[in-house]
Structure formats: structure tokens, C-alpha cells
Amino acid sequence: MDIVNFDNSFQKLPEFLYEIVEPTPLKHPKLVHVTELKKELGLLSYTDADILKWLNGELKLIGDQRISTRYAGHQFGVFAGQLGDGRAISLGEILTSTKGRLEIQTKGSGITPFSRMGDGKAVIRSSVREYLCSEAMYGLGIPSSRVLALIIGEDKVYRETVERPAIIARVFPSNIRFGHFEMCYHYNRPSVLNELIEYTRLGFFEGVSIYEMLEQIVEKTAFLIAYWQSVGFCHGVMNTDNMSILGITIDYGPFGFMEDTSLSHVCNHSDDSGRYSYENQPHAAAWNLEKLLVCFSKHVPRENLNKLLLSFSELFHAHYKKLCHSKIGLYKLEPEDDALFGSLLQILSSHSIDYTYFFRQLSNYKIKQLDTISDFWCYYAKSEQLLSWFLLYDQRLERELSDNHKRSMEMKKINPKYVLRNYIAQEVIEDIEKGGKQKLNEWLKVFYSPFEEHAAYESYSKPSTSINQSISVSCSS
Ligand code: AMP
Ligand code: MG
């Protein structure tokens, strides 16, 4: 198999940053799904059988030399030393005509020099969740790594119970994380750090100055977190090794879309202190950026690094505000609008109202006609607090002078009808474990257009039962 425009640019960096590795193929592999990226990556002439063998590690490309990279990171507030790709292997980069350089990395391809105590495997459960969510984020317009294919195997993988393995092929412009810079800085490799900075600056930031690159990283991160907050997405493990330098969502683990609104919602059952709760995500991102910026202390004067760090909060709030105002159909900004949105969030939280469903229903609201969201009241008793909020909202909408129909259309472009609720992922996982492919195919179609109506899936847009919401998601993967 040969691919035109195949490159291995990361391997031109010092060997400190990676190790050459050999993948461990899954036994009796089965290709469950391939996404539309097959076309964008110029792989259409390859059969599914070729793609399966290539991604499973049974077939090599010409010049194919696979690597796992070395990075460090702060995990739950503590410097964890060297981590690295413990089960991910990069196959190289394809230079696409439409999307520039795209790195292909398989996750679950076996032990690497960075596996530590792990087995290098990934189970079906966590792989399907990452697969679905990567594409769901794309559908929502939120920056994220994407996926090319999902493979499952027959080998035994030992977690809390015996499970089966999977490999997903992830696709992103680059795997570079905050942790790669931390690795060079904390292990005192200034020349490797310089090369990594140059590689990143020239390859992914159009050659702007180091300071401007950092400005962009802070901005992209701020925007990403604002997007997450706006759709109620909780990452779950915002350690610095899980933060992309490109401001895209990576390393999906015990993530969750908040269902019953709770500002202190923690999606990861292993996060006892709630460090990465919904409301703490912006703070966690700023904390992580500080750890990244420290690595640039020889390149940028301290006062400028401080300035960059301070800019995060401003950028985050500006973007988040814009998204929030659009979520409630306000486009002329008034000073009280922040308070109006803030008080709504408090009410949703104190009454445990489904986050996604509420905003989608609000998109149908007509001025002074509470019954236009009658569907909503079937789920929630009419709270006095919420009714008072609607009075204020009515007054505010009148000043907006937007007509009901136009506002509704605009609001439905920002308030998704469908998000990846945990129980939906669970239904897909169970189908795949039984040998099915259909649910994955069907749900991907829904998640590629989450702002559209999908009549057959109506019930999944509604608040789910507490049993469905109680599905426990831990770090085990
Ligand atoms: P995560 O919490 O998934 O981001 O993983 C944290 C670190 O543990 C990363 O360095 C991973 O590569 C590594 N890791 C997680 N699971 C495994 C596994 N089953 N085998 C080897 N390394 C793993
Ligand atoms: Mg990780």
C-alpha cells in the first residue's frame, strides 16, 4: 500500500520526543465503521480490507515508521513526570488538499515504551464513546480530534471485568499537547524545547512569533472552553497531558454532556474533589495554561507571560457571553443580559432541569406565550422562579424587536436538539458488542446534524430518566 503525500514530520524532531514502535494487531479484527474522512484523506482507492489491515498494524505503508511520543503532564494538580502515548501509535501524516496536514494515530494498538503498568489496549466501551463524541463535536461545530475508523477484536482485555478490545484511528492536525512542552522543560532539554517550539510555530501557527503563537493558543483554548460550557460538555480529565496545543478537544474518557443542570456537575466518578466539575472547567484551563506558559519562561519575558495568562479570562468571558446571549435569542447586547443568563443558569441548576432540552424548547418560545413551550412543562412543575424569569425575558425580548419566527430559527442553530447522552452511547456500545453496526451508523447521522429535527429520534432529545442518567463513567478504559 502506498499513499501519495504521506509524511512523518514529527520524526524530524529530536528522538527525545518519541520512540519507534511496532503495533500489536488485534486478533480476528473486524472493521465496524469508516467515516467520511476516508475521502478527505485520499484513501478512497483502498478497500475496507486494506484499511483494516493498515490500521490494525498488519500492513505497512512504504516509509511507514510508527512512533509513540513522549510527554509529561500535571494530573489532578500534581506534576506526574513522564507519561507519553501509552497505547497510541502515530502512523504519520497525510498532506490533504482540503484540510492541510492530518496525522493519523491509532489508539489501543498495544504496549509502547510509555505504557507504564498499562496493557496498551482500549476496550470497546471507551473506544465507541470516543468515536461517537469526536464526530458529535464535529457536528456541533466544536474543535475536536476526529476519527477515521473503528476496529474491534476478539482478544481478552482485563479491566473490572473481562472485556473485548478495540482500536480507533484518530485524526488531527497534530498530537502535540501541553505535556510535550512540559516534558522538555521539566527534564531540562532546552534545545529540544526550542526545536519543538519552532516545529509548532512553523507547522501549525503560520510562522508567527513565539509570543503571537502563545496568544493564539490562549485564545483557542478560551474559545474551546466557552464552546464546551455553552453545550454543557464536561471533559472529565482536564490534565495538561490531555490539552491540545491546537485548542481542540482530545482524549475523550469519562466525558459527559450535562443532562440535569448542575453547575457543580462532575462527570468522572474518579474525580472525588470535583476538580474538573462543569463550573470549574474555565479555571482548570487557565491553570493548565499557566503550566504551559512556564515552559516559555526563557523565551518570553515574565510580565508578558503574565499578560497572556490574564488574557484567558477576558477572552473566555467574551466568547462565552456571545454564545450565551445567542442561546437565549439576544443579539443587541444590553448590560443586564449577563445577569439574565446567569440567573437562568442558577434556576436550571436549582431545579435540575435538563440543559439541552430547556434551551431547545426555549427556541420555540413566543413572546408572552408560555404555552408555546407546553411540552417543556410536562416535565417540570411551573416553578415560581422560572415564571418570574420569563416575565423579565419577555420584557427583554420586546426590546430586542426580533420576530418570533426569526428568533426561533436563529436559536435552533445554536441550541442542539441532540447531544451524546451517556445512555445513547451505551445503546450503541451494546449493539456493537453484539456484532451490530446499525446503531452506530444511525446515530452518527443524527450527530452530524444535531441542530436538525430527526423525527425517529424525538424521544432521545427529551430529559432522560434518572436511571439512564446514573450510568457511571470512570477513568477505566
Ligand atoms: P488518559 O487518562 O487516558 O489520558 O491516560 C493517561 C496516561 O495513561 C496516558 O499516558 C495514556 O497513554 C496512559 N494509558 C491509559 N490507559 C492505558 C493502557 N491501557 N495502557 C497503557 N497506557 C495507558
Ligand atoms: Mg490522555
Side-chain angles (χ1 to χ4, degrees), residues 17-19 21-26 57 66-90 103 105-131 133-134 144-145 147 152-153 155-170 172 174-183 186-187 234-246 248-256 266-272 275-276 284-285 288 291-292 473-477:
L17 285 166
Y18 64 90
E19 300 275 352
V21 291
E22 284 299 326
T24 313
L26 300 184
R66 303 182 184 195
I67 56 165
S68 292
T69 68
R70 177 178 275 111
Y71 54 79
H74 281 79
Q75 299 189 317
F76 290 92
V78 181
F79 185 64
Q82 177 184 297
L83 301 163
D85 296 319
R87 52 179 169 170
I89 295 184
S90 281
E103 176 175 339
Q105 191 195 53
T106 55
K107 184 169 173 181
S109 288
I111 286 183
T112 78
F114 310 106
S115 297
R116 296 175 293 157
M117 307 299 282
D119 58 4
K121 304 276 187 204
V123 295
I124 292 179
R125 171 173 52 82
S126 63
S127 306
V128 172
R129 280 170 53 81
E130 174 154 5
Y131 201 81
C133 202
S134 309
S144 174
S145 57
V147 284
I152 60 173
D155 332 39
K156 286 185 174 147
V157 183
Y158 298 93
R159 297 292 182 260
E160 286 82 1
T161 57
V162 181
E163 297 189 49
R164 281 165 56 207
I167 290 176
I168 58 167
R170 291 201 282 210
F172 34 30
S174 173
N175 177 37
I176 304 177
R177 298 148 189 257
F178 289 13
H180 284 105
F181 296 87
E182 291 178 276
M183 186 72 216
H186 292 287
Y187 287 82
C234 300
H235 182 281
V237 200
M238 287 178 68
N239 294 331
T240 55
D241 52 304
N242 289 339
M243 297 288 290
S244 161
I245 204 74
L246 306 175
I248 61 176
T249 317
I250 54 167
D251 273 24
Y252 293 88
F255 68 84
V266 181
C267 62
N268 174 1
H269 283 239
S270 321
D271 180 6
D272 298 326
R275 180 181 175 89
Y276 299 133
N288 290 342
K291 298 295 163 249
L292 173 71
V473 189
S474 69
C475 274
S476 153
S477 58

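If you're wondering where the values come from, they're calculated on a predicted model, not measured in any experiment. Just follow the structure's listing: the first ligand is 1, and inside any ligand the first atom is 1. The chain is numbered in sequence order, starting from 1.
Annotation: Asp119 places an N or O atom under 3.5 Å from an N or O atom of ligand 1; distance criterion only. Note: an N/O pair closer than 3.5 Å links Asn242 and ligand 1 by distance alone. Ligand 1 has no N or O atom lying under 3.5 Å from any N or O atom of Asp241, backbone or side chain. Considering backbone and side-chain atoms together, Gly84 places an N or O closer than 3.5 Å to an N or O of ligand 1.
Scanning the protein for heavy atoms near atom 21 (C) of ligand 1, the closest one is Gly86 O, 3.2 Å. Nearest protein heavy-atom neighbour of atom 3 (O) of ligand 1: Arg87 NH2, 3.7 Å.
At a heavy-atom cutoff of 4.0 Å, ligand 1 is contacted by the side chain of Tyr71 but not by its backbone. Contact annotation: for Arg116 versus ligand 1, heavy atoms closer than 4.0 Å belong to the side chain alone. Using a 4.0 Å cut-off between heavy atoms, Ile111 makes no contact with ligand 1 at all. Of all the heavy atoms of Met117, none lies under 4.0 Å from any atom of ligand 1, so neither backbone nor side chain is involved.
Ring geometry, His180 versus Tyr71: the interplanar angle exceeds 60°, so the pair is classed perpendicular (tilted spans 30 to 60°). Taking the six-membered ring where the residue is Trp, His186 and Phe79 present tilted rings, their angle falling between 30° and 60°.
Side chains of Thr69 and Arg177: no donor on one and acceptor on the other come within 3.5 Å. With 3.5 Å as the limit, one finds no donor-acceptor pair spanning the side chains of Ser126 and Arg159. There is no side-chain donor-acceptor pair under 3.5 Å between Ser145 and Tyr252. Asn288 and Thr240 are not linked by any side-chain donor-acceptor pair at a separation below 3.5 angstrom, with hydrogens and angles left out of the test.
No side-chain donor-acceptor contact under 3.5 Å links Asp85 to the backbone of Ser68.
The closest approach of Asp251 to the Mg ion (ligand 2), by N/O/S atoms, is made by OD2.
Atoms of ligand 1 lying under 4.0 Å from any heavy atom of Gly120, numbered from 1 in the order shown and given with element: 18 (C), 19 (N), 20 (N), 21 (C). Atoms of ligand 1 found under 4.0 Å from any heavy atom of Asp251 (numbered from 1 in listed order, with element): 4 (O).
For atom 5 (O) of ligand 1, no protein heavy-atom neighbour is found at a distance under 4.0 Å.
The aromatic ring centroids of Tyr276 and Phe76 lie less than 6.0 Å from each other.
Side-chain atoms of Val157 and Asp119, non-hydrogen and from C-beta on, do get closer than 4.5 Å to each other.
Close to ligand 1: Arg159, with a non-hydrogen atom less than 4.0 angstrom away.
The Mg ion (ligand 2) has Asn242 among its coordinating residues (N/O/S atom, backbone or side chain, under 2.8 Å).
Using a 4.0 Å cut-off between charged side-chain N and carboxylate O, Asp241 and Lys291 make no salt bridge.
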